[in-house]
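See below for the structure under consideration.
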Amino acid sequence: MEAIKQVRYHVVEASGLFEPDSTLLLSGCADAPLRPGDRRLVVIDSTVDELHGERITRYFDHHGITVTLLPLRADESVKRWDLVTDVVDAMNDFGIDRRREPVIAIGGGVLLDVVGLAASLYRRGTPYIRIPTTLVGLVDAGVGVKTGVNYGQGKNRLGTYAPAVATFVDRSFLSTLDARHLANGLAEILKMALIKSAELFGLLEDFGPLLIEDRFQGSTPALETAARRIVSEAIHLMLEELQPNLWEQCLERCVDYGHTFSPTIEMEALPELLHGEAVTVDMALTTVLGRMRGDVTEHQAQRVLALMDRLRLPLWTDVLARPGILDGALADTVRHRDGQQRLPLPVGIGHHRFVNDVTPEELNAALRELDAARRRTGQDIGPVAGLVGAGEAA
Ligand SMILES: NC(=O)c1ccc[n+]([C@@H]2O[C@H](COP(=O)([O-])OP(=O)(O)OC[C@H]3O[C@@H](n4cnc5c(N)ncnc54)[C@H](O)[C@@H]3O)[C@@H](O)[C@H]2O)c1
């Protein structure tokens, strides 16, 4: 037999979502109306609850929505199965009506991934709504359809494809996010720029560091325009890539750029590197690979590495110096991509192509060149044990 499942979800730009008089959450998405008298289970990142919980609770009260709040500590170090069962227990206790009572998830990528996974498993699929509160959440974790938790050494090893009914994108949450996590989100935006949009790259060069300082709050008209354009363009580019290949049947995905070596790097470096930081190290390495192959000019490579540095993102981690780390990471990715590398590599700035012929020797040469480059940018974090020739290259 053959059956087709139609998928539709909404990504709604929603500034001031929890301003008392905003009606976006109530009627901004036709597929998930919220009316006075309704009740909802709201799972919220406990940090977000501390920082924004009061205004969120006040909002629901004001609109006559009865809310059961489940604050959960949610960060990478606890992104495990136990957290999923915590949400499932709360759904059980709440006695969710899975036809009419979508769970509302408010938090960063970890919280959204965990609630998404729990909701997709509960009674084989319960609707949920995402309200991202980190930049990674706004432009990435809140936009796609993947859910997941880590298992063993495997990053997001357990997960499902489960679109939320809607995501409400509200930059005001970023006002309390620290610079490191803002840069972490800018890494995913940079990814989209590098493979798809020279224009977005230019915006990041002009405004990226300023937006970190301003926490994307638009305190001047120029910063407001830049923040809005950068966030919406990143989301738009991401959706454009996801839509024709939502279930990832085609394994050549340019949005996998920066995600070939980074899953291993991130897990090996835990808790040193955040997700976007590991992605940046991968992108720095593949920028150098692109330069060595003649697809990226020296000048372009320098611009890319310099922007990473200005966005306070790392070009390097000492994990890279562990023997065989990249070969192992590539082998793992090849397994994941049905036996081929399908490695997206940059072509200039804003374009890409896929290759299948990266060798251990080429990776080692790229590592040495990257090590030299990061030292030139001043990202010198001490001698790199085990990297043959690193000293000379520097
Ligand atoms: N499903 C997907 O398609 C997808 C895409 C990208 C990333 N992800 C996942 O997202 C995760 C990373 O997400 P993240 O970077 O949001 O990390 P995170 O969820 O761990 O949040 C980062 C930290 O910020 C805190 N926080 C959240 N919102 C805040 C706010 N408004 N103010 C102050 N602090 C706040 C959190 O408590 C946490 O300590 C990774 O696990 C990654 O695998 C998933």
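Numbering of ligands and ligand atoms starts at 1, following listing order.
- When Ile106, Asn184, Leu177 are ranked by how near their heavy atoms come to atom 24 (O) of ligand 1, first place goes to Leu177.
- The shortest N or O to N or O distance between Asn156 and ligand 1 is below 3.5 Å.
- Looking at atom 23 (C) of ligand 1, its nearest protein heavy atom turns out to be His181 NE2, 3.6 Å.
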Would Phe18 and His52 satisfy ring-ring contact (aromatic ring centres under 6.0 Å, His included), going step by step from the backbone distance to the final call?
CA-CA 9 Å; Phe18 290 109; His52 303 271; 9.1 Å; no
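- For Val110, a nitrogen or oxygen atom sits less than 3.5 Å from a nitrogen or oxygen atom of ligand 1, counting backbone and side chain alike.
- If you check the side chains of Gln340 and Asn356, you find a donor sitting under 3.5 Å from an acceptor.
- With ligand atoms numbered from 1 in the order given, ligand 1 contributes 27 (C), 28 (N), 29 (C) to contacts under 4.0 Å with heavy atoms of Val48.
- With hydrogens left out, the protein atom closest to atom 2 (C) of ligand 1 is Ala141 CA, 3.7 Å, a heavy atom.
- The existence of a salt bridge linking Arg337 and Glu252 is excluded, since no basic side-chain nitrogen approaches an acidic carboxylate oxygen closer than 4.0 Å.
- The proximity of Arg73 to ligand 1, defined as any non-hydrogen pair under 4.0 Å, does not occur for either the backbone or the side chain.
- Ligand 1 has no N or O atom lying under 3.5 Å from any N or O atom of Gly107, backbone or side chain.
- Using the six-membered ring where Trp is involved, Phe354 and His352 have ring planes that are perpendicular, over 60° apart on the 30 and 60° scheme.
- The ligand atoms of ligand 1 that sit less than 4.0 angstrom from a heavy atom of Asp75 are 20 (O), 39 (O).
- Here the options are Val304, Ile189, Asp206, the test is side-chain contact (heavy atoms from CB on, under 4.5 Å), and the partner is Phe201; only Val304 passes.
- Geometric assessment of Arg229 against the ring of Phe207 yields a negative cation-pi assignment under the 6.0 Å and 45° thresholds.
- Distances shorter than 4.0 angstrom occur between a heavy atom of Lys155 and an atom of ligand 1.
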List the atom pairs, with distances to 0.1 Å, where a side-chain N or O of residues 109-121 and a protein N or O form a donor-acceptor pair under 3.5 Å, not counting sequence neighbours.
unit_1, atom_1, unit_2, atom_2, d
Asp113, OD2, Lys79, NZ, 2.9
Ser120, OG, Gly116, O, 3.3
Ser120, OG, Leu117, O, 2.9
Ser120, OG, Thr160, OG1, 2.8

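- The protein heavy-atom contact nearest to atom 28 (N) of ligand 1 is Thr133 OG1, 2.8 Å.
- The distance from ligand 1 to the heavy atoms of Thr134 drops below 4.0 Å at these ligand atoms: 14 (P), 16 (O), 21 (O), 27 (C), 28 (N).
- By the 30° and 60° cut-offs, the orientation of the rings of Tyr161 relative to Trp247 is perpendicular.
- Tested against Leu307 for a side-chain contact (heavy atoms from CB on, under 4.5 Å), the candidates Ile349, Leu190, Leu186 yield a single pass: Leu190.
- In terms of protein heavy atoms, atom 10 (O) of ligand 1 is closest to Gly109 CA, 3.3 Å.
- In this structure, Ala331 has no side-chain contact (heavy atoms from CB on, under 4.5 Å) partners at least two apart in sequence or on a different chain.
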Begin from the C-alpha positions of Arg253 and Glu241 and carry the test salt bridge (Lys or Arg N to Asp or Glu O under 4.0 Å) through to its verdict.
CA-CA 8 Å; Arg253 294 175 3 115; Glu241 275 310 306; over 6 Å; no
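- The proximity of Leu51 to ligand 1, defined as any non-hydrogen pair under 4.0 Å, is limited to the side chain.
- Looking only at protein heavy atoms, the nearest one to atom 40 (C) of ligand 1 is Glu76 OE1, 3.2 Å.
- The part of Ala74 lying near ligand 1 is the backbone, judged by heavy-atom distances below 4.0 Å.
- For atom 36 (C) of ligand 1, the closest heavy atom belonging to the protein is Asp45 OD2, 3.1 Å.
- A salt bridge between Lys155 and Glu268 is absent, with no side-chain N of the basic residue lying under 4.0 Å from a carboxylate O of the acidic one.
- Side-chain contact of Ser15 with Glu13: a donor-acceptor pair under 3.5 Å is present, judged by distance alone.
- Taking all heavy atoms of Asp113, Val136, Thr176, Asn150 into account, the minimum distance to atom 12 (C) of ligand 1 is reached by Val136.
- With a 4.0 Å heavy-atom cut-off, ligand 1 is reached by the side chain of Thr47 but not by its N, CA, C or O.
- Contact atoms of ligand 1 toward Asp140: 5 (C), 6 (C) (distance under 4.0 Å to a heavy atom of the residue).
- For ligand 1, the atoms sitting less than 4.0 Å from at least one non-hydrogen atom of Lys79 are 9 (C), 40 (C), 41 (O), 42 (C), 43 (O), numbered in the order shown with element in parentheses.
- In this structure, Gly144 has no heavy atom closer than 4.0 Å to ligand 1.
- Residue Glu188 has no nitrogen or oxygen atom sitting less than 3.5 Å from a nitrogen or oxygen atom of ligand 1, judged on distance alone.
- At least one cation-pi condition fails for Arg353 and Tyr257: the charged atom is not both under 6.0 angstrom from the six-membered ring centre and inside a 45 degree cone around its axis.
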